Amino acid sequence: YHRVTPKPLDEINKSLPTLFITEQTFRKHLAFYNKHYKIVRFSDLAGYAKNKSADIPYNLLMITFDDGYEDNIRYGAPILSEYNVPWTLFVATDKVGKKEVMWWDRMFALLTHLAQEQSQKECQEQRKASPLPTHVQETLTQFCDNSSALFARFNKCKMEEIHALIQDLQSYCVLSEEALQAENSFLNWDQARKLYPHADVASHTCSHTVLTGMALTEVAKEMSLSKEIIQNDCHREPTAFSYPAGIYTNEIAALVPKAGYHFAVTQDRGVNCLTKPYTLKRINLWEGSANLSSGEFSLGFFSFRMLGFL
């Protein structure tokens, strides 16, 4: 998971809808988990991994949230406590307590604004007289066709390219920085500390930079420094690491135990065994991940997704 919202999904226009789950649907997910799984945290998993002679339950489940958005605390945490479910929050330590808008949130808001403008007759006439640059128009067209595919491609781009495109987009529309920050704020360290014992705080690096674009020495620094910061600010040692955007290489995964972590999670889809603790698979879930075309939640569809089939 990434974000929780009390709003209907069609009211979200300042960040990727595929990051959100509504409170109502999240409750349905948690009720399903409580019925069918033994929900654990990474410290429990470490115990199973250490005691090789122990029988490991076949239905272990861990609930994770990436990034550290403040709505995890405001809307997600109370529901998780209501269902008495332990969970793990992966934070990018440079972002904690900061009024900073992540590039994907800013990009989504800019493209949404431009797409809305383009649908208005007055703006259409204006664009005929002063068309958008080709690369901006192509990005906008791809966004309208399939925003998820576009942002998946962005995850593999260099940050210089992404920031250059954002600058170009900002030349053609002006957004309220205050509103963007309010919609996409991060939790602070005081909120993070108060999560225990209901949740563990773990590392999502310092900067949330995709690691494959960095030198291995910098990757190692991101892993070790973020671990140190979490330990100092939350007074507990994080045992798990989450690769930004789920992207990694074998060389990067080999640095995880050297930094002192017992586990690392990817965004590779599927279920796990404990033989590959530094490339654990996950199932990415959001509002539409188990909904029918009508928008209605499907328990059967959700069951298949949780088995790693969808």
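All values reported here derive from a predicted model rather than from experimental measurement.
For the residue pair D67 / H208, a side-chain donor-acceptor distance below 3.5 Å is found, with atom types taken as modelled. Between the side chains of T5 and E23, no donor-acceptor pair is found at a separation under 3.5 Å. D200 and T88 are not linked by any side-chain donor-acceptor pair at a separation below 3.5 angstrom, with hydrogens and angles left out of the test.
The aromatic rings of H36 and F32 sit tilted, their planes meeting at an angle between 30° and 60°.
For the side-chain contact (heavy atoms from CB on, under 4.5 Å) test, residues two or more places apart in sequence or in another chain that qualify with Q191 are E70, I73, L187, N188.
Remark: of the listed residues L211, T212, T209, L211 is the sole one forming a side chain to side chain contact (heavy atoms under 4.5 Å, CB included) with P244.
Residues L165 and H135 are in side-chain contact: their nearest non-hydrogen atoms beyond the backbone lie under 4.5 Å apart. Inter-residue side-chain proximity for Y69 and L89 is flagged as unmet; no heavy-atom pair is nearer than 4.5 Å. In this structure the side chain of Q142 never reaches within 4.5 angstrom of the side chain of T139, judged on heavy atoms.
Grouping the Ile, Leu, Val, Met, Phe, Trp and Tyr side chains by contacts below 4.5 angstrom, directly or via other members, places M102 with L169.
A distance of 14.5 Å separates CE in M223 from NZ in K221, rounded to the nearest 0.5 Å.
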May I have the list of side-chain donor-acceptor pairs in residues 271-280 shorter than 3.5 Å, sequence neighbours left out?
{"residue": "N272", "atom": "OD1", "partner": "K281", "partner atom": "N", "Å": "2.6"}
{"residue": "N272", "atom": "ND2", "partner": "K281", "partner atom": "O", "Å": "2.9"}

